[in-house]
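Data first, discussion second: the structure below is written as structure tokens.
Remember, it's a predicted structure, so these values are computed and weren't measured experimentally. Quick note: residue numbers are just sequence positions, from 1. Worth knowing before you read on, the calculation uses all heavy atoms, side chains too, and leaves out hydrogens, waters and symmetry mates.
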Amino acid sequence: MNSSLAGALQVAFVVLVLAVVYVPLGDYMARVYRSTRDLLPERAIYSLARVDARREQTWVGYVLAVLAFSLISFLFLYLLQRLQGVLPWSDGKAGVNPATAFNTAISFVTNTNWQSYSPEVVMSNLSQMLGLAVQNFVSAAVGMAVAVALIRGLVNRRGDGLIGNFWVDLTRTCVRILLPLSVIVAIVLLTQGVVQSWHSGFGFTTMSGDPSRSMVGPFASQEAIKELGTNGGGTLSANSAHPFENPTPFSNVVEILAILIIPICLTRTYGTLVRDRRQGLTLLGVMAAIWGVMLAIVWSFESHTNGLAAQAAGAMMEGKEQRFGIPGSALFAVSTTGTSTGAVNAAHDSLSAGGGGAVIWNMLLGEVAPGGVGTGLYGILMMAVVTVFVGGLLVGRSPEFLGKKIGQNEITMAALYVLVMPALVLVGVGVSVAMGSTLDAQGNSGDPGTPGSIHGFSEVIYAYASAANNNGSAFGGLTVTSDWFQTSLGMAMLLGRFLPIVFVLALAGLLSRQRPRGVVSTSSTSGGSSASGGSSASGGSPAGEVVSTSSTSGQGSTSGGSSIGGGVVSTSSTSEGSSTSAAEVSTSSTSGSGGVVAVLERQEAVRAEANLPTHGVLFGVLLLGTILLVAGLTFFPAMALGPIAEALL
């Protein structure tokens, strides 16, 4: 079987598995976030942490909870590294130096997993499991929680500004989603020979007769959550290229599936929670289009030969594992840079100029194809808000997204979100290039205009694109152990993670405070009884419904909110008379419910015609164009000085 056919089969298998699990996993995650029932382990956690699981939070409370939890996580991980040498199971490793510990703590708390050190040399198994692996779970859960909070803001019809409970969302994500999936993936990896050991290493004698030692550890369990949580930080320097972490072509495909499965299925979760699955399919289509095109580009560039060594090998095999070949390496590279994973099974610094430029561009698009767990979904939703606003202005229609008005405050939050990552990347690259010490850190340098100097510039772009997008992969030719790079990249990771989260949650709060345009109520002449009801799930019900009905023998009125559609309708009928305000639509019915449904259907039809639809091919093309235009206008000059110039030489 030739490599092209084998690669095509791998891609087909990945797509087939994702298609099979898309509906059940996506709907399962939707049930997790709108369930009113807490599992026994969850109740124990709430009791221990003194969390009121039934109390929802405003966006300010949600942000403060996210930041407080992340700060505690950072301090714990930093101290764990600094005290590593005096803790049990240190494997003889000393405490991590302050600059590296600072950078690593930020890296794993922000879901970046940037590693400026050799993990098998610097980190003990205790630090790996108690510190880094735990952050692989909870940092991923934070991203998913923020995405769900944004969805609640979109579908909240109560106008109360509540978007759920962060502690509930965090706990449920870890207990019900990440832990079960990690166990499954770890077991599959074990069958392929991935190492899972409580020992720190073993000695052996080389063929030349010299003694040597190889590191082992609990790799399979950490490899599973490393990929599922789109984290990426490996327990070995070679990351997923090492046979202890990724020994076979099948394990390679399993790890690619683990990277993609949650971000892809979250689009189904989104469609289910907003009660319009066409919305999720539209986002999925945009993600798939970008992912597919980027895969074709990287695969094509790496399949061509450039240089004597490549011609002898028949392809650009430098820095790649023979057991994966070009297709497995390209598929992994596009998946890991299109998400916030950053794991690698090949040396990205050894990619061709075109292939390396493509994976940089994949990150600079904002990592929305399909993006990290949670971060990819809320990232593309923020771009959808921008698309709705621009599209509405172009066609002269009111900018509304799922029945929520996109006004000045809403578009401001979306615009600030879009500006954060480019500012961090371009400022970081500009300052670093201006510093003379950067030349000493570059593995490739030379006179201006030479291939070496151009590739050195690409290495700096890659570093800050990876840090600001919380990816974590790198062009290995750049040495980033200096205090400048440790600090500046750490700040890029920190601001690139939490500033967007603040703007996303602020937008969720603005949307959740928008009240419906009227009131849904029904009344009949049958008597003088009244009933009202509301629903709220622990962590916040995505539906956010409050429906009220009343009946009386005289003139009366009731009020309530309904999550059906984008507005609220009022109907009333009495034996003496009725009145209707300008914000209400009135209908008369002896049974009540039939009139309400009819009016709601008519209202939704009118609203759908008046606003730009946010599903379907047209909106998908507009969204794709917006993503490409924003990235193109922002980063084309920098890309032209680096990867594009290198590819043209």
Decide whether [X] and [Y] meet the rule of one side-chain donor and one side-chain acceptor closer than 3.5 Å.
X	Y	result
Thr614	Gln279	yes
Lys226	Asn113	no
Glu227	Gln222	no
Trp291	Ser335	yes
Asp169	Asn165	no

Short side-chain to backbone donor-acceptor contact, [X] and [Y], under 3.5 Å:
X	Y	result
Asn136	Gly229	no
Asn156	Leu162	yes
Thr267	Ile264	yes
Asn362	Ala358	no
Gln135	Leu132	no
Glu255	Ser240	no
Asn231	Asn111	no
Lys405	Glu400	no
Thr112	Met493	no
Thr230	Gly372	no

Inset, instruction - Begin with the C-alpha distance, continue with both residues' side-chain angles, and end with the deciding distance and a verdict on side-chain contact (heavy atoms from CB on, under 4.5 Å) for His348 and Thr337. - result: CA-CA 10 Å; His348 285 192; Thr337 53; 4.1 Å; yes
Legend entry - By ring pair (Phe, Tyr, Trp, His ring centres under 6.0 Å) - contacts of Tyr462 (at least two apart): Phe475
Inset, instruction - Identify the heavy atoms of Arg152 and Gly164 that sit nearest to each other, and give their distance. - result: NH1-CA, 3.6 Å
Taking NZ, NE, NH1 and NH2 as the nitrogens, is one of them in [X] or [Y] under 4.0 Å from a carboxylate oxygen of the other?
X	Y	answer
Asp160	Arg158	yes
Arg176	Glu42	yes
Asp27	Arg277	yes

Enumerate, atom names and distances included, each donor-acceptor pair closer than 3.5 Å involving a side-chain atom of residues 411-427, sequence neighbours excluded.
residue	atom	partner	partner atom	Å
Thr412	OG1	Gln408	O	2.6

Inset, instruction - Find out whether Tyr33 and Ile177 are in side-chain contact, i.e. whether some heavy atom of one side chain is under 4.5 Å from a heavy atom of the other. - result: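 Sidechains of Ile177 and Tyr33: in contact.
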